[in-house]
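Residue numbers begin at 1 in each chain, while the letters A, B, ... track the order of the sequences.
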Amino acid sequence: MDIITLENVSYYYKTYDDEGAAAQASGVEGINLTIREGAFVALVGHNGSGKSTLAKLLNGLLVPNSGTVTVCGLDTADKKNIFEIRKNVGMVFQNPDNQMVASIVEEDVAFGPENLGVPQPEIVERVYSALEQVGMTEYAKRSPHKLSGGQKQRIAIAGALAIRPKVIVFDESTAMLDPQGRREVLSVARELNKQGMTVILITHFMEEVYGCDEVVVMSGGHIVKIGKPSEIFADERLLEAVGLDAPRSVALAAKLKSVGFDVTENCIDARTLGVEVCRNLTK
Amino acid sequence: MLKDVTFGQYYPADSFIHRMDARVKLLLCLLFMVGIFFVTSFAGFAFITVFLITLIASSRIPLRSILKSVKGIIVLLLLTVILNIFFTKTGTLLCKWWIFEIYDGGLYFAAKMFLRLTYLVVGSSVLTLTTTPVDLTHAIESLLKPLKVIKVPVHEIALIMSLTLSLIPGLIDETDRIIRAQKARGANFDTGGLVKRVKAFVPILIPLLVGGFRRAEELANAMNSRCYEGSNKRTQMRIMKLSWRDFVATFIALLFFVTVFVVYGMQSKWATADVGWLYINGVNWLYF
């Protein structure tokens with residue numbers, strides 16, 4: 001079943017030149033995209049490719065200038081639907097510090113359910129089950145600003161989960177984190193997807209795309225390609241054109257293949273490549 | 001450079017006072033502040049001193065932390081004492097030098113004002129040292145709730161307070177980063193006259209302000225994404241419960257202040273006009 005549908009969606013930012021005349025800078029243009037329930041979709045693109053604009057269109061933070069965005073059958077352009085849409089689409093943003101609303105972890109996670117008007121005993125239950133899902137239960141009474149970047153982002157994920165959404169959007173949530181923090185956030189994202197959550201991962205790190213069902217490549221406000229990770233990695237010319245790098249292991253596998261080794265193109269990380277090489281050597 | 005800035009003065013410990021409900025503590029603190037203006041005799045101040053010592057002892061706060069907050073108003077205290085000594089002209093003249101005259105009445109008033117202001121600060125710092133800023137925010141929201149009837153946006157006020165509390169550590173970090181970045185480019189904050197130093201802070205304030213707006217926008221997006229509407233159907237996770245401690249404390253405090261008021265009532269029969277003037281003086285200082 002399709003949970004999110006974008007039909008011919010365009011969004012323009014209003015900008016002003018030095019004389020104060022209004023001009024339109026393109027955010028995204030002519031986007032057609034459907035996201036299946038339970039899918040793990042990666043949205044990749046260089047800075048300014050429009051991927052964050054697209055993310056904000058998914059829960060009605062932005063409303064398209066033309067075209068329609070439908071979430072769970074509801075049009076985001078209709079103000080009456082906004083509350084219901086945001087209940088279904090959780091968002092985790094880039095900067096962990098700028099999404100904390102309270103100075104105690106459990107109260108921050110409780111912000112969503114409090115807004116929904118959930119009765120108090122259920123709020124506690126939702127908060128603790130969300131914290132457990134991200135493995136942060138022991139930090140419930142702590143102050144978030146003393147935690148690491150990865151831990152703060154996991155709190156932000158718990159904050160979104162406490163609303164019990166069907167879709168969770170990671171809007172470059174790993175961009176400001178160290179490698180350890182990125183691994184933490186990604187493993188939570190994959191775990192959530194395994195439990196049936198629809199996950200939309202927006203990133204410019206190509207190696208994070210590994211394991212996704214579908215990769216959407218964006219450039220200049222347009223979708224330039226949609227495909228499986230292996231298809232995208234194989235298309236070197238496309239990646240170069242949009243300014244993205246395939247993981248080194250993929251490039252190396254392609255070279256090995258071109259000189260006659262029997263390796264799959266799926267070598268998204270060094271480990272898979274290693275296994276493939278070993279298999280070739282012991283043959 | 002700014003790492004040692006801590007917000008609020010909460011002193012973590014496990015005591016009777018720490019465990020009390022923040023609302024009760026806040027109300028009793030207000031009662032104490034009002035009550036202290038009804039104490040006029042030195043015997044009364046001795047009574048209050050015993051009360052405060054008991055309070056501090058049962059809160060397990062080191063005396064040093066409390067004295068630290070008194071240190072904060074030392075200038076105000078000295079000013080009050082000096083003004084009262086030289087400008088009160090009641091009682092007998094003790095000594096006279098040039099235009100300065102010191103009366104014994106002035107000394108009494110100065111001493112009383114000193115005690116009164118010191119005790120005000122000590123009393124309120126017991127509140128802030130034993131209650132986290134978060135608890136205080138919740139207490140204020142809960143106590144202001146009746147004002148919702150006359151359309152005071154109580155929830156919004158509380159939310160602003162709690163957002164401010166949660167953003168302060170981030171702002172401090174950012175200020176620190178900007179200062180280091182400007183220093184790396186040769187900015188100098190530590191030398192020169194006052195004007196030069198103030199000017200040197202402009203390159204810190206501007207990026208901080210711009211960053212503040214960016215933060216505010218991101219925070220607004222995050223809040224919207226988490227279904228914030230600011231409506232009345234909002235519920236709360238935290239429930240504040242009164243325990244036996246709160247009733248015991250309230251009982252003791254009320255007993256104490258009834259005594260203070262009764263004693264004041266007996267005294268006021270022979271209270272002079274000067275005492276009345278002192279109240280006005282005291283209230284003025286309170287608003288300072």
Top contributor to chain B interface from [options] [non-hydrogen pairs under 4.5 Å]:
| options | value |
| --- | --- |
| A:M100, A:E114, A:R126, A:Q99 | A:E114 |
| A:L116, A:V118, A:V101 | A:V101 |
| A:V89, A:V169, A:I163, A:V127 | A:I163 |
| A:G60, A:P113, A:P144, A:S103 | A:S103 |
| A:G90, A:G159, A:A160 | A:G159 |
| A:K56, A:E106, A:Q94 | A:E106 |

Nearest 0.5 angstrom please: [X] [atom1] to [Y] [atom2], how far?
| X | Y | atom1 | atom2 | answer |
| --- | --- | --- | --- | --- |
| A:Q120 | B:I239 | CD | CD1 | 4.0 Å |
| B:L171 | A:D97 | CG | CG | 10.0 Å |
| B:S225 | A:I85 | OG | CD1 | 12.0 Å |
| A:I82 | B:E229 | CD1 | CD | 9.5 Å |
| A:H145 | B:D173 | NE2 | CG | 7.5 Å |
| A:D108 | B:R226 | CG | CZ | 4.5 Å |

Between A:I104 and B:R238, is the side-chain contact (heavy atoms from CB on, under 4.5 Å) condition met? List the steps.
CA-CA 12 Å; A:I104 291 177; B:R238 183 184 289 236; 4.0 Å; yes
B:C227 and A:K87 have their tightest heavy-atom pair at SG-N, 3.8 Å
Sequence neighbours excluded, the answer for salt bridge (charged side-chain N to carboxylate O under 4.0 Å, His left out) partners of A:E29 is none
* Residue A:V92 versus chain B: region with a heavy atom under 4.5 Å ->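 Neither; nothing under 4.5 Å.
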Region of A:F93 in contact with chain B, defined by heavy-atom distances below 4.5 Å:
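Only the side chain of A:F93 comes within 4.5 Å of chain B.
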Q) Is B:E217 atom CD crowded by more than 12 heavy atoms from other residues, nucleotides or ligands, each under 6.0 Å away? A) no
Can you establish whether the number of heavy atoms outside A:E122 located under 6.0 Å from its atom CD is more than 12?
-> yes
Interface check, chain A: of B:R234, B:Q236, B:R214, most non-hydrogen pairs under 4.5 Å belong to B:R234
Most contact-rich option vs chain A, by heavy-atom pairs under 4.5 angstrom, among B:T132, B:L219, B:T137, B:L167, is B:L219
Residues of residues 148-163 of chain B with a heavy atom under 4.5 Å from any heavy atom of chain A, in residue-number order, are B:L159, B:S162, B:L163
